[in-house]
Amino acid sequence: MTAATSDFLRAVSERGFLHQCTDEAGLDEALGKSPISAYIGFDCTADSLHVGSLVPIMLLRLLQRHGHKPIVLMGGGTTRVGDPSGKEETRQLLDDAQIASNMEGVRRVFERFLSFGDGPSDAIMVDNADWLLGLNYIDFLREFGRHFSVNRMLGFDSVKMRLEREQNLSFLEFNYMILQAYDFLELARRFDCSLQMGGSDQWGNIVSGVDLARRMDERALFGLTSPLITTASGAKMGKTAQGAVWLNEERLSALDYWQYWRNTEDADVGRFLRLFTDIELDEILRLEKLQGSEINEAKKTLATEATALCRGREQAEAALETARQTFEEGETAEGLPCFSIPRGELESGLPAFEILCRTELATSNGEARRLIKGGGARVNDQVMASETQAVSLDDVSDDGVIKISAGKKRHALICVED
């Protein structure tokens, strides 16, 4: 196809969001005629989204920045079923109270990234429980189920992968595709929504919705997917040795969030600047050309801008300053994670390997011992001499804390608890 003429679709392509589109020429034409409404669905399986959900969130943000209307669909209904897409096993079923609690946590994420209101390009948030929970099963099967081919559904990757690996796929999960397709039709009818977006693992579900609207209402809808993002080394986005990189500040401090982006691999800097910040492309081109130690400046820019979007500019700048003091000046700075240890335990001293576990810089005693033996663990910037070295009140600095480090980039403070 020729280059896109609509600003949004061109930006989607230039910034690396485009993977597949059901009708790229038709969507480009529709985008050029007038503002459209587009949605992405988010199930409520946890009380926060993590970095793995940032691509769809940034895609909605990009849509709004180009004058179109984002619809955030909360999966109050579909969470009760569980999406099998990209999953190797059945999700744990949550009760209504847990889903409601999770939804409140997930809602807060979007307030940072989108502008909500009643204007033509203001985002809206809706819950598919509003229409799914009241469906009559027999009537739904008669009216909508007849439009779905089981043969075709078995061919979609989300189903085929589980079957080929002989992993259980419950009938409950098998219905998810039908419910998501119905969501698209319902949003088209209620809000004139003409575009569904999502990750590439959602392709089968999205195509099913486009097909259902054509069969039921003779309505032309569009689907667009973005690639599933992995790092240059092949790791999945949003996962680290310390766990998920959560978007809500109750789950992860702004400093740890900033540090996650600061640790981006060199080969990923330009790509992540395009996907996860609002920085203009000309500036990104300059930043990604930096070589050697200068690439660290690009990483700091990525970390600060990504953190500003998720946690606010003030917290992003504070994280940058904390990191500068701690990593560049060697000072003990405020803002590092602080772990309280009773004074009585520190009077007699605790072995170094235990201290690393207590401050969550190691996940096990074995990992802590290996880190110390390799010379990668420090107390107050001094290499730990042995795994049984005592960390005690004698190590408390003038600031009243003990600084513990694992490698060059991970640090924590011990605060004495009286």
Side-chain angles (χ1 to χ4, degrees), residues 12-20 46 48-59 61-62 85-88 109 113 157 161 197-203 225-248 251-279 281 283-311 316 319-320 323 327 360-363 367 371 376 406-411:
V12 164
S13 179
E14 290 174 344
R15 298 189 82 98
F17 287 99
L18 183 60
H19 181 66
Q20 289 174 291
S48 172
L49 299 175
H50 58 69
V51 164
S53 298
L54 259 188
V55 168
I57 293 173
M58 291 299 295
L59 196 50
R61 180 177 174 85
L62 190 65
S85 301
K87 306 296 181 296
E88 295 185 356
V109 171
F113 291 91
D157 288 342
M161 178 188 73
M197 304 184 292
S200 59
D201 60 337
Q202 296 295 312
W203 179 250
T225 62
S226 52
L228 294 182
I229 305 299
T230 57
T231 66
S233 60
K236 189 175 182 180
M237 280 290 294
K239 299 291 185 182
T240 68
Q242 289 72 49
V245 182
W246 298 102
L247 301 186
N248 283 27
R251 286 286 204 118
L252 188 73
S253 72
L255 179 61
D256 286 341
Y257 189 79
W258 186 95
Q259 194 63 42
Y260 170 77
W261 295 106
R262 171 62 180 80
N263 291 339
T264 295
E265 297 175 38
D266 291 1
D268 287 326
V269 172
R271 185 164 58 115
F272 286 3
L273 283 166
R274 287 175 174 80
L275 290 169
F276 303 118
T277 78
D278 293 337
I279 298 174
L281 290 176
E283 176 62 7
I284 293 174
L285 287 171
R286 183 190 72 80
L287 289 169
E288 67 182 348
K289 289 178 182 177
L290 298 176
Q291 299 292 324
S293 61
E294 290 186 341
I295 194 68
N296 290 327
E297 294 306 313
K299 292 182 181 181
K300 292 175 192 175
T301 299
L302 167 64
T304 303
E305 294 305 309
T307 304
L309 285 176
C310 188
R311 304 299 179 79
L320 172 63
F327 308 142
E360 299 181 3
L361 294 174
T363 57
E367 181 186 348
L371 187 65
K408 295 180 179 180
K409 300 178 180 178
R410 295 171 52 221
H411 309 269

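The figures here come from the full heavy-atom set of this structure, side chains too, leaving out hydrogens, waters and symmetry mates.
Note on residues 252-261: no pairs pass salt bridge (charged side-chain N to carboxylate O under 4.0 Å, His left out), not counting sequence neighbours.
Atoms CZ and CG, on R274 and L281 in that order, are 6.0 Å from each other to the nearest 0.5 Å. Here CE of M197 is found 8.5 Å from OG of S226. Values are rounded to the nearest 0.5 Å. The CG atom of L302 sits 9.5 Å away from the CG atom of L287 when rounded to the nearest 0.5 Å. Distance check: N296 CG to E294 CD gives 10.0 Å after rounding to the nearest 0.5 Å. For the atom pair CG of N263 and CG of D268, the computed distance is 12.0 Å after rounding to the nearest 0.5 Å.
Here the closest heavy-atom approach between residue A46 and residue R251 is recorded as CB-NH2, 4.5 Å. In this structure, H50 and A244 approach most closely via the heavy-atom pair CB-CB, 4.4 Å. L361 approaches R410 most closely through the heavy-atom pair O-NH2, 2.6 Å. Closest non-hydrogen pair, M58 versus F276, comes out as CE-C, 3.8 Å. Contact detail for T264 and V269: the closest heavy-atom pair is CG2-N, 4.1 Å. Taking both residues in full, the closest heavy atoms of L285 and E288 are given as CD2-OE2, 3.2 Å, listed atom of the first, atom of the second, then distance.
In this structure D266 satisfies the side chain to side chain contact (heavy atoms under 4.5 Å, CB included) test together with I295, K299, sequence neighbours excluded. Shown here are the side chain to side chain contact (heavy atoms under 4.5 Å, CB included) partners of I229, two or more places apart in sequence or in another chain: V55, P227, M237, R271, F272, L275. Among residues two or more places apart in sequence or in another chain, the side chain to side chain contact (heavy atoms under 4.5 Å, CB included) test is passed with A267 by A232. Under the salt bridge (Lys or Arg N to Asp or Glu O under 4.0 Å) criterion, R15 pairs with no residue at all, not counting sequence neighbours. The side-chain hydrogen bond (donor to acceptor under 3.5 Å, both in side chains) search around R61 returns D278, not counting sequence neighbours. The side-chain hydrogen bond (donor to acceptor under 3.5 Å, both in side chains) test applied to T231 returns S233, E265, not counting sequence neighbours. E283 meets the side-chain hydrogen bond (donor to acceptor under 3.5 Å, both in side chains) test with R286; sequence neighbours excluded. With sequence neighbours excluded, the residues satisfying side chain to side chain contact (heavy atoms under 4.5 Å, CB included) with A303 are W258, W261, R262. For the side-chain hydrogen bond (donor to acceptor under 3.5 Å, both in side chains) test, residues two or more places apart in sequence or in another chain that qualify with S48 are N248.
Remark: side-chain polar atoms of T225 are paired, donor with acceptor, to backbone N or O of Q20 under 3.5 angstrom.
In this structure the side chain of F113 reaches within 4.5 angstrom of the side chain of L54, judged on heavy atoms. Two residues are said to be in side-chain contact when any heavy atoms from C-beta on lie closer than 4.5 Å; I57 and L247 meet this criterion.
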